[in-house]
Every structure is written in structure tokens, then in C-alpha cells.
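Both counts, for ligands and for their atoms, begin at 1 and track the order of listing. Remember, it's a predicted structure, so these values are computed and weren't measured experimentally.
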Amino acid sequence: MVGAASPKDAPMTVSADPRDRLIVALDLPSVPEAEALIDRIGDAATFYKIGYRLGYAGGLALAERLAARGLKIFLDLKLHDIGNTVEEGVRSASGLGATFLTVHAYPQTMRAAVRGRGAGLKILAVTVLTSYDDADAAEAGYGLPVAELVAKRAAQAAEIGIDGLVCSATEAASVRRIVGPDRLIVTPGIRPAGAEAGDQKRVMTPGDARKAGIDHVVVGRPITGAADPRAVAQAIVADLA
Ligand SMILES: O=C(O)c1cc(=O)[nH]c(=O)n1[C@@H]1O[C@H](COP(=O)(O)O)[C@@H](O)[C@H]1O
């Protein structure tokens with residue numbers, strides 16, 4: 001197990017509420033549409049992710065409002081730039097009241113994010129995107145298959161003191177062996193049985209992900225595109241129990 005640097009706040013568990021294991025990706029074009037979805041889901045979900053699509057359309061102010069209402073927020077900015085820019089960007093984002101913030105798992109970027117991390121904000125490092133398979137990694141110039149690249153980046157993240165990893169649930173068990181019990185494992189690429197994979201290539205069901213040792217799953221289209229998003233969220237939380 002690798003673990004030279006401590007994560008920020010131990011224990012890593014964000015809360016004992018089982019609903020917190022589900023993070024709903026608010027990948028919607030506007031704040032009113034996001035607010036309408038949150039209203040429809042009601043108390044079935046407690047944790048929301050805001051990424052590029054909504055973030056660049058007023059979503060950062062929404063993040064602050066939702067956090068002030070007591071909802072947990074995952075700011076999915078996937079930062080990657082020169083160290084100074086990442087450090088100061090993370091410092092600015094630390095004021096938004098979010099629980100999680102993503103950066104890409106490059107050592108220079110991760111070190112900078114740890115330097116800029118403010119109180120209460122946990123940094124998650126995105127290992128290898130769940131839309132990548134081995135051929136995509138080779139096309140991008142990486143000399144390692146996805147599983148090995150994820151393992152290498154997970155070990156580096158733990159060494160640097162990153163709070164958690166984003167990977168596919170298909171790698172969760174091996175990542176857990178590498179990073180130990182004190183770091184979070186957060187997995188997108190989650191599909192309830194029978195749901196469309198879309199552009200995701202490394203997918204797992206919520207129940208199998210939980211058995212693999214994940215802390216949180218991220219689910220977007222299976223909920224945002226559902227006729228009854230509240231029912232789908234409730235079914236996922238039940239599957240994660
Ligand atoms: O960092 C992320 O959240 C992320 C990392 C990754 O490797 N794969 C991935 O799908 N995501 C995000 O997780 C969400 C998955 O959405 P769905 O595929 O619609 O469930 C999207 O908002 C992605 O941006």
C-alpha cells in the first residue's frame with residue numbers, strides 16, 4: 001500500500017447517510033433546468049455534481065446556493081495547467097462551499113492542487129477517464145494499458161496526499177489495495193442493468209461497484225434522462241446499500 005502523505009481530514013467518509021453515496025451529475029444546459037431536476041428528485045439525493053456544461057452556464061453560483069441549502073456539491077472542473085494556475089484556481093474554488101473538486105492526476109497538477117486546497121474541500125484526482133479503453137490510451141500516446149495507468153496514477157496521488165481518486169469501478173478493488181482505506185474512490189461510468197452505456201467504455205452496475213469497494217458513484221444520463229428521475233435515484237441508492 002502506498003500512503004506517504006496523509007489525506008486532508010480523516011476519516012474520509014463524508015457522511016453515514018446512504019444517499020450520500022450517489023452523486024447525481026447535473027449535466028444540463030441551464031440553471032432553471034437543473035433546479036427543476038433537483039426539485040423532482042427531492043430528498044432522494046443529497047449530492048450533486050456540477051461540471052463543464054452547467055458550470056459555464058451559471059452553475060458555479062448555483063453550486064454556492066445549493067451548498068448554502070445543505071446539499072453536497074462536487075465541482076467537476078478537471079483542472080490541469082501549470083502549477084501556479086492550478087494552485088490559485090483551487091484556492092479560488094475553495095470559497096464556493098463544495099465538498100469535492102477534480103483535477104487530472106498528473107503529479108505537478110496534483111501537488112499544486114494540494115497546495116491550494118482550502119478547509120473543507122477534498123481534491124479528487126481523475127486517473128483515466130471512463131470513456132477510455134486501451135486503444136484510446138494508446139492513441140493518446142500512453143505506453144501503458146488503462147489498468148496499469150490507473151494503478152500508477154493512484155499510487156502517485158496517494159503519495160502526494162490527494163483525498164480521493166476518480167476511476168472506473170472496474171479498477172476500484174485494485175485501486176483500494178494501492179491507496180488503502182483512508183482515501184475516497186469515486187466512480188462514474190455507472191449504469192443500472194439494461195441502461196445505455198453511451199460513450200462510457202468501462203462501466204459497472206451500482207451494486208457491483210459497491211461490492212468492489214467504492215465510496216461514491218457518479219450517475220448522469222440514467223437519471224437526467226429518466227421519465228421518473230426520483231425513482232431511478234432511489235433504486236440506485238437501494239442497490240448501493
Ligand atoms: O470526473 C468525472 O466526474 C468523470 C470522470 C470520468 O472518468 N468519467 C466520467 O464520466 N466523469 C463524469 O461523470 C459523469 C457521467 O455521466 P453519465 O455517463 O451520463 O452517467 C459525467 O458528468 C462525466 O463528466
Side-chain angles (χ1 to χ4, degrees), residues 14 21-29 33-34 37-38 41 45 47-57 59-60 62-63 72-80 90 93 98-106 109-110 113 121-134 136-137 140 142 146-147 149-151 153-154 157 162-172 175 183-206 208-209 212 214-226 229 232-233 235-237 239-240:
V14 171
R21 292 203 183 106
L22 168 64
I23 301 174
V24 179
L26 289 173
D27 293 331
L28 294 166
E33 283 162 274
L37 180 72
I38 294 165
I41 293 174
F47 214 144
Y48 287 95
K49 181 173 88 76
I50 295 177
Y52 296 173
R53 191 178 186 188
L54 186 60
Y56 296 146
L60 297 185
L62 177 68
K72 294 191 174 63
I73 301 300
F74 172 172
L75 272 187
D76 183 19
L77 302 183
K78 289 195 184 69
L79 300 177
H80 181 47
V90 169
T99 300
F100 294 157
L101 171 69
T102 42
V103 302
H104 280 289
Y106 290 78
T109 296
M110 293 191 286
L121 181 66
K122 293 184 193 306
I123 305 294
L124 305 181
V126 180
T127 54
V128 177
L129 293 166
T130 52
S131 59
Y132 277 54
D133 61 16
D134 289 345
D136 296 309
Y142 295 109
V146 166
L149 195 51
V150 169
R153 290 178 169 174
I162 287 286
D163 302 294
L165 284 307
V166 177
C167 61
S168 161
T170 59
E171 297 106 37
V175 168
R183 276 167 235 275
L184 296 165
I185 298 181
V186 179
T187 56
I190 295 295
R191 291 291 181 266
E196 292 277 331
D199 55 351
Q200 299 284 7
K201 292 191 179 153
R202 306 193 328 277
V203 297
M204 220 183 227
T205 65
D208 286 345
I214 60 89
D215 295 289
H216 301 272
V217 297
V218 177
V219 184
R221 288 162 287 184
I223 294 176
T224 58
V232 176
I236 292 171
V237 170
D239 204 13
L240 288 169

Identify the protein heavy atom lying closest to [atom], giving its residue, its atom name and the separation to 0.1 Å.
| atom | value |
| --- | --- |
| atom 12 (C) of ligand 1 | Lys49 NZ, 3.6 Å |
| atom 2 (C) of ligand 1 | Lys78 NZ, 3.3 Å |
| atom 4 (C) of ligand 1 | Pro188 CG, 3.4 Å |
| atom 17 (P) of ligand 1 | Arg191 NH2, 3.5 Å |
| atom 10 (O) of ligand 1 | Gln200 NE2, 2.8 Å |
| atom 8 (N) of ligand 1 | Thr130 OG1, 2.7 Å |
| atom 21 (C) of ligand 1 | Asp27 OD2, 3.3 Å |

Using a 4.0 Å cutoff against the non-hydrogen atoms of [X], which atoms of ligand 1 qualify?
| X | value |
| --- | --- |
| Arg221 | 17 (P), 18 (O), 19 (O), 20 (O) |
| Gly220 | 16 (O), 17 (P), 19 (O), 20 (O) |
| Val218 | 13 (O), 14 (C) |
| Pro222 | 20 (O) |

Given side chains that start at C-beta, do those of [X] and [Y] come closer than 4.5 Å, heavy atoms only?
| X | Y | answer |
| --- | --- | --- |
| Leu165 | Leu124 | no |
| Leu121 | Thr99 | no |
| Ile50 | Leu77 | no |
| Arg202 | Val128 | yes |
| Phe47 | Phe74 | yes |

- Query: Parallel, tilted or perpendicular for His104 and Tyr106, by the 30°/60° rule?
  - Reply: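 Aromatic pair His104/Tyr106 classed perpendicular.
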Between Phe100 and His216, how do the two ring planes meet: parallel, tilted or perpendicular, split at 30° and 60°?
perpendicular
Practice task
Determine the sole option in Ile23, Leu22, Val24 for which the side chain to side chain contact (heavy atoms under 4.5 Å, CB included) test with Val219 is passed.
Solution key: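 Only one of Ile23, Leu22, Val24 forms a side chain to side chain contact (heavy atoms under 4.5 Å, CB included) with Val219, namely Leu22.
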Looking only at non-hydrogen atoms, the one of Ile23, Asp76, Val219, Leu124 nearest atom 3 (O) of ligand 1 is Asp76
